[in-house]
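To start, the structure under review is shown below, and the notes come after it.
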Amino acid sequence: MKKIYIEELNNYIGQEIELSGWVTHKRSSGKIRFIVMRDGSGICQLVLIKNQLPEETFNKFDELTQESSFKVFGLVKKEERAPGGFEIEVRNLEIIHIAKDYPITPKEHGVEFLMDHRHLWLRSSRQHAILRVRHEIINAIRTFFNNKGFILVDAPILTPAACEGTTTLFETEYFDLGKAYLTQSGQLYAEAAAMAFGKVYTFGPTFRAEKSKTRRHLTEFWMVEPEVAFADLNDDMDLAEEFVEYIVQTVIKNRRKELEYLERDISKLEKVQRPFPRIHYEEAIEILRKNGINFEWGNDFGGTDETVISEQFDKPVMVHHYPAQVKAFYMKRDPNDERYALAVDMLAPEGYGEIIGGSQREDDYETLLKRIEEHNLPKEAFEWYLDLRRYGSVPHAGFGLGIERTVAWICGLEHVRETIPFPRMIYRNTP
RNA sequence: UCCGCGUUAGCUCAAUGGUAGAGCAUCCGGCUGUUAACCGGAGGGUUGCAGGUUCGAGUCCUGCACGCGGAGCCA
């Protein structure tokens, strides 16, 4: 008998096959019994009929418990009544391992309990749907950049003491060289790579030791950061909107089933088509004031502010020209008005907050040096970064997109903790 | 760090200051088309920890721990 996966059942109707998997669920009516199994690719109902089976095989049902593993041999039938649409009429059943007292039952559970059992929670249908969408998003990201001729350049995860404010960095001992820190962003390295390859992206985990405890924050999260030589802020925004449109439309196309399982309103995602609205920081403030928020010029937007702004639009909105004082040292200032940085944030609709932060970078040696001094950063640590402005400096721009916030938005989730297999948060680093 | 809420059976939750309970899970029995099946039965408790008030505390008070939601923070 041929070994197959549940997702392939459609090709084997009327044939006898072999499946391997785990028990998700059992139901019994005495002389007819049902097992719902999963094999990682999907779920499928098995039926055992007493007068069609040897007693020994029929009674194996009694031994099986939730999450016990087994092999099954049987006939594939199309069956409307079965979850998944197919049913296996069991001919034989081989138990591999009996699970005892599996903790996650089909009834509801609390957040803490589920997070404590995250390693088992991953087996549930909802987590399958979310992590398949995550996979699709990551795949779309790679496809998008690869098709556009970007080179993937991995940035280091262990970095020297370079960035300002080490309070938000995770610190570790590094042999005889003193302290090392877990990276907060691969951007500076991406800039170096862009001067080598023109169009590059980094993609990896980043770490923030911030004491943030909200639905939008993790201490370890994944970020993709493209960087393009000879690009300005407008080029950066063009790239960002094409990128986000591609991700969303690819997920709708390839993972509709998962989005439907998550009861996501897909019509809202279908509207995510270029062009996205682009508003100046001043326009964003106007929106806030019209909505009764007393916002002071020069501040960055808080979570509530972002929600109010994004709710004015049914697509992601790009807010550009932030006050330079709230943005990073490496961002280029608007030559027409030095109060502003050539920066852009993309806010996802429906209150999902900032998913992209980007900017045109300062490409002038003297100006960048001045910024480093203004921010009280150690110049020695930035010598290599300043080299990029010494040897053939060019205008360049890039952005970073947070994977988990993007997954949460596209899936319509309450909290980013479900968007990554093993979330790391301020009060949790297990399992 | 701050504000608010919470912690009772393996899980989700009840319980006027007066005998700690239900559903699910587990175990036993019944049922030939179930869909978080259903029906009957059984076992299962240091009420987060430490004090205090009271004849009597799951319930009221104090402290601590942990969790949840939010704020701040998030170059």
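Just so it is clear, the model here is predicted, and its values are computed rather than measured. So you know, we letter chains A, B, ... as the sequences are listed, proteins then strands, and number each from 1.
Proximity of the aromatic rings of A:Tyr189 and A:Trp384 is defined here by a centroid distance below 6.0 angstrom, and this criterion is met. Centroid-to-centroid, the aromatic rings of A:His128 and A:Tyr261 stay 6.0 Å apart or farther.
Looking only at side-chain heavy atoms (C-beta outward), A:Arg339 and A:Tyr281 stay at 4.5 Å or farther from each other.
Whole-Å rounding puts the A:Glu67 CD to B:rG10 C1' distance at 16 Å. Residue A:Met115 contributes atom CE, which lies 15 Å from atom C1' of B:rC66 at whole-angstrom precision. Rounded to an integer number of Å, the gap from CZ of A:Arg27 to C1' of B:rA25 is 16 Å. Per the geometry, CG belonging to A:Leu413 stands 13 Å off P belonging to B:rG69, to the nearest Å. Atom P of nucleotide B:rC74 and atom CG of A:Asp345 are separated by 14 Å, given to the nearest angstrom. Here the C1' atom of nucleotide B:rU1 and the OH atom of A:Tyr427 are 9 Å apart, to the nearest Å. Taking atom CZ of residue A:Phe61 and atom C1' of nucleotide B:rG33, one finds them 13 Å apart after rounding to whole Å.
Among B:rU26, B:rG33, B:rC74, the nucleotide with an atom closest to any side-chain atom of A:Asp101 is B:rU26. Distances were taken from every side-chain heavy atom of A:Asn51 (C-beta onward) to each of B:rG33, B:rU32, B:rC73; the shortest belongs to B:rU32. The side chain of A:His109 lies closest to B:rU12, out of B:rG69, B:rU12, B:rU34. For A:Lys107, the side-chain atoms get nearest to B:rA36 when compared with the rest of B:rG33, B:rA75, B:rA36. Comparing B:rG33, B:rA75, B:rG69 by their closest approach to the side chain of A:His415 singles out B:rG69. Looking at the side chain of A:Glu108, the nearest of the listed nucleotides B:rC73, B:rA36, B:rA71 is B:rA36. You'll find that the side chain of A:Ile32 is closest to B:rG33, out of B:rU34, B:rC11, B:rG33. When each of B:rG72, B:rC24, B:rC11 is scored by its nearest atom to the side-chain atoms of A:Phe113, the top-ranked nucleotide is B:rC11. Relative to the side chain of A:Arg417, the nucleotides B:rU32, B:rG69, B:rG72 differ in distance, and B:rG69 lies closest. Side chain of A:Val111, nearest nucleotide from B:rG33, B:rC68, B:rA75: B:rC68.
Pair check for B:rG43 finds none; no Watson-Crick or G-U wobble contact set falls under 3.5 Å. Nucleotide B:rU32 has no partner under the Watson-Crick or G-U criteria, as no pair reaches both atom distances under 3.5 Å. Base-pair partner of B:rU59: not found among the strands shown (Watson-Crick or G-U wobble, both distances under 3.5 Å). Nucleotide B:rA20 is matched to nothing when pairs are restricted to Watson-Crick or G-U wobble geometry with both distances under 3.5 angstrom. Remark: B:rG69 base-pairs with B:rC3. Criterion, Watson-Crick or G-U wobble with two distances under 3.5 Å. Checking B:rA14 for Watson-Crick or G-U wobble geometry (two distances, each under 3.5 Å) identifies no partner in any strand. As the counterpart of B:rC64, B:rG48 is assigned, both hydrogen-bonding distances of the Watson-Crick or G-U wobble pattern falling under 3.5 Å.
Spacing between B:rC38 and B:rG43 at atom P, rounded to whole Å, works out to 22 Å. Nucleotides B:rU54 and B:rC73 have their C1' atoms positioned 46 Å apart, rounded to a whole Å. For the C1' atom pair drawn from B:rU8 and B:rA71, the interatomic distance equals 31 Å after rounding to whole Å. Across B:rA9 and B:rG23, the matching C1' atoms stand 12 Å from one another, rounded to whole Å. Straight-line distance between the C1' atoms of B:rU16 and B:rU12: roughly 25 Å, to the nearest whole Å. Going from the C1' atom of B:rG18 to that of B:rC13 covers 23 Å, rounded to whole Å. Here, B:rA22 and B:rC74 have their C1' atoms 45 Å apart, quoted to the whole Å. B:rA15 and B:rU47 have their C1' atoms separated by 11 Å, given to the nearest Å.
Looking at heavy-atom distances under 4.0 Å, A:Lys213 makes contact with a base. Among the heavy atoms of the strands lying under 4.0 Å from A:Gly110 are primed sugar atoms or P, OP1, OP2 only; no base atom is included. Using a 4.0 Å heavy-atom criterion, one finds that A:Gln45 contacts the bases of the nucleic acid, with or without backbone contacts as well.
A residue-by-residue look at A:Ile426 and A:His217 shows that A:Ile426 has its nearest nucleotide of RNA chain B further toward the 5' end. Residue whose closest nucleotide on RNA chain B sits further toward the 5' end, between A:Lys211 and A:Gln187: A:Lys211.
Taking only side-chain nitrogens and oxygens, A:Arg428 never comes nearer than 4.0 Å to OP1 or OP2 of B:rC66. Using a 4.0 Å cut-off, some side-chain N or O of A:Lys31 falls inside it from OP1 or OP2 of B:rU32.
With rounding to the nearest 0.5 Å, the separation of CD1 in A:Ile104 from OG1 in A:Thr24 is 13.0 Å.
Contact check on A:Arg216 versus A:Glu404 returns no salt bridge, with no Lys/Arg side-chain nitrogen under 4.0 Å from an Asp/Glu carboxylate oxygen.
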Before giving the answer on side chain to side chain donor-acceptor pair (under 3.5 Å), spell out for A:Gln127 and A:Arg118 the whole-Å C-alpha distance, their side-chain angles and the decisive distance to 0.1 Å. CA-CA 10 Å; A:Gln127 300 310 311; A:Arg118 182 62 176 168; 2.9 Å; yes
Would you sort out whether A:Lys379 and A:Glu383 count as a salt bridge (Lys or Arg N to Asp or Glu O under 4.0 Å), showing the intermediate values? CA-CA 6 Å; A:Lys379 188 191 164 202; A:Glu383 281 301 335; 3.5 Å; yes
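A:Ser212 contributes a side-chain N or O that forms a donor-acceptor pair with the base of B:rC73 under 3.5 Å. Judged by distance alone with a 3.5 Å cut-off, a donor-acceptor contact links the side chain of A:Glu87 to the base of B:rG33. For A:Ser29 against B:rC38, no side-chain N or O and base N or O form a donor-acceptor pair under 3.5 Å.
For A:Lys211, the NZ atom sits in a loose shell: 12 or fewer heavy atoms of surrounding residues, nucleotides or ligands are nearer than 6.0 Å.
Using cut-offs of 30° and 60° on the angle between ring planes, the pair A:Phe150 and A:Phe145 is tilted.
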